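Model, not experiment: these values are computed from the prediction.
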Number of protein chains: 2
Amino acid sequence: MPPTPRRSTILEVARLAGASKTSVSRYFGAERERLSPSLQTRIAHAAGTLGYQPNQMARGLKGGRSKLLGMLVADIRNPFSVAITHGVEQACRQYGFSLIVCNTDNDPEQERQHLDLLGAYQVEGLVVNASGNPERQLHNFISLGTPIVLLDREVDHVEAEVVGLDNHQAIDMALEHLADQGYQAVLYVSEAPEQSSTRQKRLLRFSQTAEQHGLNYTTSLLTDMNGAATLQALSDFLTTHQRHACAVLCGNGNATLIVTRLFQQLGLPLGTVGLMGIDELDWCALVPPGITTLAQPTEAIGKTAVQCLMHRIEPHAALMPKELSFAPTLIERGSTQR
Amino acid sequence: MPPTPRRSTILEVARLAGASKTSVSRYFGAERERLSPSLQTRIAHAAGTLGYQPNQMARGLKGGRSKLLGMLVADIRNPFSVAITHGVEQACRQYGFSLIVCNTDNDPEQERQHLDLLGAYQVEGLVVNASGNPERQLHNFISLGTPIVLLDREVDHVEAEVVGLDNHQAIDMALEHLADQGYQAVLYVSEAPEQSSTRQKRLLRFSQTAEQHGLNYTTSLLTDMNGAATLQALSDFLTTHQRHACAVLCGNGNATLIVTRLFQQLGLPLGTVGLMGIDELDWCALVPPGITTLAQPTEAIGKTAVQCLMHRIEPHAALMPKELSFAPTLIERGSTQR
DNA sequence: CTGTTAGCGCGTTCAG
DNA sequence: CTGAACGCGCTAACAG
């Protein structure tokens with residue numbers, strides 16, 4: 001076998017099958033039916049022996065159809081993001097598209113670079129879980145006719161479907177549950193809200209409605225990975241509300257992780273001091289007596305995002321999903337049992 | 001703005017800059033220096049106003065260089081895989097390549113399809129964390145001159161670098177630690193080893209060397225997600241070795257998760273009955289008194305895999321890594337403290 | 001230093 | 001139902 005036996009081309013298949021390029025092209029395209037049975041078998045055979053595979057690059061060049069979708073993920077190491085990515089990927093496959101996943105590590109610069117790349121590869125649609133505010137580049141895609149869907153986070157001045165959790169409902173459900181369980185004071189812990197519309201919405205909703213649930217409340221922002229500032233906020237909170245039944249509500253999975261560590265550092269008994277988090281994680285059931293969470297329907301969110309895109313790419317293949325905003329599911333565990 | 005204002009082409013830039021296609025091509029290629037400063041600015045300006053971006057598809061078509069790497073991941077929802085993927089991605093970026101990540105969900109059929117796809121997109125290299133035994137297709141890539149590197153799992157009859165943990169060392173370290181801590185009997189819990197050379201190696205090594213560490217031992221394979229069979233095995237094990245200090249060693253992160261649940265179901269006191277796992281997870285520190293683990297250097301593994309590939313794609317850009325087999329790090333916690 | 005020419009592999013006319 | 005010819009956007013020779 002030669003060192004680099006070039007990938008075989010459509011022409012070689014055609015020759016070996018005693019047919020023309022066009023016929024082979026049709027065979028691999030959407031018009032296989034229109035070829036005579038005899039030709040079909042000849043081509044199939046030839047392609048088989050040569051191990052031929054149409055070159056997507058060349059294909060895309062001609063029709064402008066890359067059959068590629070791009071996805072921007074702010075933090076791939078977040079299990080929640082992974083779960084959604086998984087849904088997105090499944091859906092892509094289903095529609096016959098491939099997916100280029102780009103992780104930005106919450107860095108706007110990487111985000112810019114990745115968007116350029118995705119453009120260069122002619123993706124036909126974009127699922128964006130933004131890190132910064134790449135409105136400039138997103139508009140670029142839009143004006144080129146490339147559909148975009150926003151995942152979990154909005155981007156200023158970019159009009160596109162936003163698929164994700166119903167944040168108001170989530171906060172409301174959490175507050176209701178905590179109130180029901182008899183907690184009287186709640187501390188809301190969130191990661192820095194600047195870069196994420198979702199964090200902002202949850203935080204705001206919390207501040208606006210905690211009172212209506214008859215709860216005293218405070219908020220604290222996580223500044224570093226250790227939550228040093230929040231440790232302080234937490235002790236202060238507990239001191240201030242000594243006479244109340246206290247609980248902490250975590251704005252997302254990462255907050256839950258950090259706060260759980262804090263609880264252990266302070267030796268707080270889970271439940272007596274309530275703990276609840278948005279995002280369900282593998283281990284929430286494992287930390288005794290179990291951490292109560294609000295689970296997001298991640299697969300559905302991912303699938304829906306792709307469906308939005310497909311609806312605009314191939315309107316006949318997918319209809320516009322009716323719901324873009326999803327309700328969480330309450331998973332009750334011991335950490336909110338007094 | 002027109003509905004689909006085609007992405008501008010090299011020709012348009014050339015015209016607007018009053019230059020030729022070639023010069024523009026050179027400007028965006030590796031020969032920018034060789035253009036006169038005046039031409040450079042003209043092109044830069046023209047490209048800027050047109051928002052021009054070279055089309056990678058067309059580029060790849062010509063030179064056969066797609067600047068794309070492919071990665072096959074057996075299970076993207078496994079945090080360990082994610083961590084490695086993250087390393088791979090970072091390294092790609094560093095070498096100016098993009099990455100198409102394909103998750104196979106441990107399904108050989110999906111694996112086949114994804115390999116075809118990656119071929120169709122002309123990836124220049126492949127990082128493979130295999131689900132099945134796609135030797136046929138991998139050989140195809142190899143004979144086409146596309147370098148391959150195997151991640152964590154070997155594939156029968158495919159000769160390629162295998163990057164991953166030093167499994168023997170890992171098992172030895174675990175056994176040594178358990179013996180040191182005074183445990184006398186160890187149960188090894190592994191996921192089904194059929195599809196994974198790594199699981200086989202660990203299992204085998206365990207069976208072969210547990211005795212040398214003066215330990216009684218048994219093994220159990222996880223059959224379903226609940227570990228029903230292992231629950232039985234675990235009670236049997238504890239009954240049999242009532243008079244011994246018992247411990248369980250988990251072959252990977254998922255096993256640790258399941259076994260931890262089992263411990264809770266049985267009300268086993270962590271530490272009194274030892275528990276240790278290969279793979280470090282977010283929550284291992286959180287389940288009191290903390291679960292002892294052997295952490296893999298995931299970022300390093302990912303980076304090394306890419307480096308192998310790059311060494312064969314652009315020998316001048318990367319040298320062959322010296323070490324392909326990595327040592328784990330012992331993270332000692334309460335679960336192995338009697 | 002710069003422009004001209006010829007394809008890369010394929011899909012798509014448009015005749016037969 | 002089939003085949004010949006053209007061009008997608010770009011880079012690699014090869015002039016000048």
Side-chain angles (χ1 to χ4, degrees), chain A residues 4-43 46-47 50-68 116-117 119-124 144, chain B residues 4-44 46-47 50-68 119-124 144-145:
Chain A
T4 304
R6 287 179 15 273
R7 205 170 275 276
S8 46
T9 78
I10 200 173
L11 188 60
E12 302 174 305
V13 177
R15 275 206 272 267
L16 199 144
S20 74
K21 289 198 308 177
T22 314
S23 301
V24 179
S25 170
R26 288 201 173 115
Y27 180 84
F28 285 97
E31 315 181 61
R32 183 174 303 188
E33 315 311 329
R34 294 167 48 176
L35 299 182
S36 69
S38 117
L39 226 202
Q40 287 193 37
T41 31
R42 271 151 56 211
I43 294 180
L50 261 50
Y52 169 77
Q53 246 186 294
N55 179 330
Q56 281 292 348
M57 293 286 170
R59 231 174 182 169
L61 191 51
K62 183 60 188 174
R65 308 264 349 224
S66 62
K67 283 284 182 183
L68 237 33
D116 280 347
L117 271 171
Y121 284 106
Q122 314 276 85
V123 296
E124 295 186 53
L144 255 38
Chain B
T4 304
R6 287 179 15 274
R7 204 169 276 275
S8 45
T9 77
I10 201 174
L11 187 60
E12 303 174 304
V13 177
R15 277 206 270 265
L16 201 144
S20 74
K21 290 198 302 178
T22 310
S23 299
V24 179
S25 170
R26 289 200 173 115
Y27 179 83
F28 284 98
E31 316 180 61
R32 181 174 303 187
E33 314 311 330
R34 293 167 48 177
L35 299 182
S36 70
S38 117
L39 226 201
Q40 287 193 38
T41 31
R42 270 150 57 211
I43 294 180
L50 261 50
Y52 169 77
Q53 246 186 291
N55 179 330
Q56 281 292 347
M57 292 285 169
R59 229 177 212 194
L61 189 52
K62 180 60 187 173
R65 310 261 352 220
S66 63
K67 282 286 185 179
L68 236 35
Y121 283 105
Q122 315 276 85
V123 296
E124 296 185 51
L144 255 39

Looking at OG of Ser25(B) and CG of Leu11(B), how far apart are the two atoms once the value is rounded to the nearest 0.5 Å?
12.5 Å
Rounded off to whole Å, could you give me the CE-to-C1' distance for the Met57(A) and dT11(D) pair?
15 Å
Does a side-chain heavy-atom distance below 4.5 Å link Phe28(B) with Tyr52(B)?
yes
Any side-chain N or O of Ser23(B) under 4.0 Å from OP1/OP2 of dG3(C)?
yes
Do nucleotides 9-16 of chain C as a string where each nucleotide becomes B, S or -: B if the base has a protein heavy atom under 4.0 Å, S if just the sugar-phosphate does, - if no protein is that close.
BBBBBB--
Heavy-atom check, side chain of Glu12(B) versus side chain of Leu50(B), under 4.5 Å:
yes
How many Å lie between CZ on Arg32(B) and P on dT11(D), as a whole number?
12 Å
Length of the line joining Arg42(B):CZ and dT2(C):C1', which is rounded to integer Å:
10 Å
Is the distance from OP1 or OP2 of dT2(C) to the nearest side-chain N or O of Ser36(B) less than 4.0 Å?
yes
To the nearest 0.5 Å, what is the distance between CZ (Arg59(B)) and OG (Ser66(B))?
12.0 Å
When you check the side-chain N and O atoms of Arg42(A) and Ser38(A), is any donor under 3.5 Å from an acceptor?
yes
Spacing of Leu68(A) atom CG and Gln56(B) atom CD [to the nearest 0.5 Å]:
12.0 Å
